[in-house]
Amino acid sequence: MTTSPAFVPPPAEPREGVRADKAPVHPWLRRLFWLNLAVEIGIVITGGLVRLTGSGLGCPTWPQCVPGSFTPVEHQEQSYHKYIEFGNRTLTGLVSVVALALLIGIIKWAPQRKGLRAPVAGVLGGIALQAIVGGITVHMELNPFIVALHFLISMLLVSASAWLIWRGREGDGERRLLVVRPIEITAWLTTAVAFVVLVLGTIVTGSGPHSGDAVAPARTGFDPRSVSWLHADAVMLFVGLVIAVLLAQKVTKASHQSVKMWTGLLVVTLAQGAIGYVQYFTGLPWVIVLVHMFGAALLVTYMTWAMCSLRERI
């Protein structure tokens, strides 16, 4: 297993020239921004644990766990799986509470940042959508395509949460590009390829052995080896684009912050690629797959910050 790359967060304070009255500085608000990201990544991990331990139908109904009870009951035949699945459902409530607390915190501690209220409300809406898709997943007995959608929505919520951390430390002024236009275009192309990588990753997972429950073995029907190679090819293209953006920034003497974020993205990507090869050649042990899922959330976080670092608002 590879070691985790060094964590490089976005700048802790507004850069020189940024209007201080436009950036939230209350310490509890900053903590809520980070907590929101942490719980969004956390629910990705617990969701992966549900699938990888075969606990996807540990609570066979939704929104109740079993008919007549929202919590697991002693006589359930699902054994310990019911607790794993119920734990993941419970975390959805925690994620909602944190997002709601963040919205209240912005209104209370940064009332001038009205532009941040709608995105946080959007995160709350996304969490509600996730709950609905999760219910559909149970009722469709873990259809791999619905499970893939469930994961991709989680990645969008992780990206939104990472974006909120960055935007919370900027002003609300006009967006100013810090790199030349061709670099920005290449960066957006890199983002598009990152999304393709994630989609292909869900197809690989949906074609492999981890269906989420022993009684729901339905798979996508694609050849696991072929889609794994296609996924790897997309990752190689992504790595090449990240390196291209990074080198272009160095040549054009882009901001140190932007170079640092794209370097962090490259490190995370290489680590994630190494983990992917380890899981492929070791027969997909569930622990390594779970680490790979965490790596995907970390990659989405850095991809978001890398894009944000290409511009500034004052």
Side-chain angles (χ1 to χ4, degrees), residues 5-25 29-30 33-34 36-37 106 110 112-123 126 155-198 234-235 237-270 297-314:
F7 188 74
V8 184
E13 299 290 346
R15 294 184 296 276
E16 183 179 355
V18 175
R19 288 155 51 183
D21 64 333
K22 287 297 184 181
V25 294
L29 187 55
R30 290 179 183 170
F33 275 119
W34 282 100
N36 182 58
L37 175 62
I106 290 173
Q112 75 279 15
R113 301 300 305 276
K114 295 181 179 179
L116 293 178
R117 298 180 188 180
V120 176
V123 169
M155 291 295 100
L156 290 175
L157 288 171
V158 168
S159 179
S161 299
W163 179 83
L164 280 167
I165 289 176
W166 195 284
R167 280 292 290 121
R169 289 165 178 165
E170 292 183 316
D172 288 328
E174 185 178 353
R175 174 181 177 273
R176 184 172 75 89
L177 194 62
L178 298 176
V179 295
V180 295
R181 182 66 174 167
I183 293 179
E184 184 192 31
I185 294 173
T186 306
W188 278 112
L189 177 61
T190 306
T191 302
V193 174
F195 182 73
V196 171
V197 168
L198 289 173
V235 170
L237 174 59
F238 177 71
V239 171
L241 287 169
V242 171
I243 292 174
V245 172
L246 188 56
L247 291 177
Q249 289 187 84
K250 287 184 174 293
V251 169
T252 58
K253 301 186 185 304
S255 71
H256 172 71
Q257 183 64 35
S258 183
V259 171
K260 185 167 64 173
M261 286 296 105
W262 282 86
T263 300
L265 175 61
L266 178 60
V267 172
V268 170
T269 303
L270 293 176
L298 196 60
L299 187 147
V300 167
T301 298
Y302 266 90
M303 185 76 253
T304 303
W305 286 343
M307 289 300 298
C308 288
S309 72
L310 300 178
R311 86 288 185 278
E312 69 175 1
R313 297 175 186 269
I314 61 174

Enter the distance from [X]:[atom1] to [Y]:[atom2] here, rounded to the nearest 0.5 Å.
{"X": "M261", "Y": "L246", "atom1": "CE", "atom2": "CG", "answer": "12.0 Å"}
{"X": "E312", "Y": "S258", "atom1": "CD", "atom2": "OG", "answer": "11.0 Å"}
{"X": "T269", "Y": "L298", "atom1": "OG1", "atom2": "CG", "answer": "9.5 Å"}
{"X": "R176", "Y": "R311", "atom1": "CZ", "atom2": "CZ", "answer": "12.0 Å"}
{"X": "T263", "Y": "Q249", "atom1": "OG1", "atom2": "CD", "answer": "8.0 Å"}
{"X": "L198", "Y": "L299", "atom1": "CG", "atom2": "CG", "answer": "7.0 Å"}

Shortest non-hydrogen contact from [X] to [Y]?
{"X": "P119", "Y": "L164", "answer": "CB-CD2, 3.9 Å"}
{"X": "I106", "Y": "R113", "answer": "CG2-O, 3.8 Å"}
{"X": "L116", "Y": "R167", "answer": "CD2-CB, 3.9 Å"}
{"X": "T186", "Y": "V245", "answer": "CG2-CG2, 3.7 Å"}
{"X": "T301", "Y": "A162", "answer": "CG2-CB, 3.9 Å"}
{"X": "W166", "Y": "S309", "answer": "CZ2-CA, 3.7 Å"}

The single option from V196, V193, L189, T190 that satisfies side-chain contact (heavy atoms from CB on, under 4.5 Å) with L237 is V193
Are the side chains of [X] and [Y] in touch, meaning some heavy atoms are under 4.5 Å apart?
{"X": "L247", "Y": "W262", "result": "no"}
{"X": "W188", "Y": "L310", "result": "no"}
{"X": "T191", "Y": "F195", "result": "no"}

Is a salt bridge present between E170 and R175, judged by a nitrogen-to-oxygen distance below 4.0 Å? no
CA sep, side-chain torsions, deciding dist, call: V123, W163, side-chain contact (heavy atoms from CB on, under 4.5 Å)
CA-CA 11 Å; V123 169; W163 179 83; over 6 Å; no
Using modelled atom types and a 3.5 Å cut-off, is there a donor and acceptor pairing between side-chain atoms of S159 and backbone atoms of M155? no
request  = Check the angle between the aromatic planes of W34 and W305 and answer parallel, tilted or perpendicular using the 30° and 60° thresholds.
outcome  = perpendicular
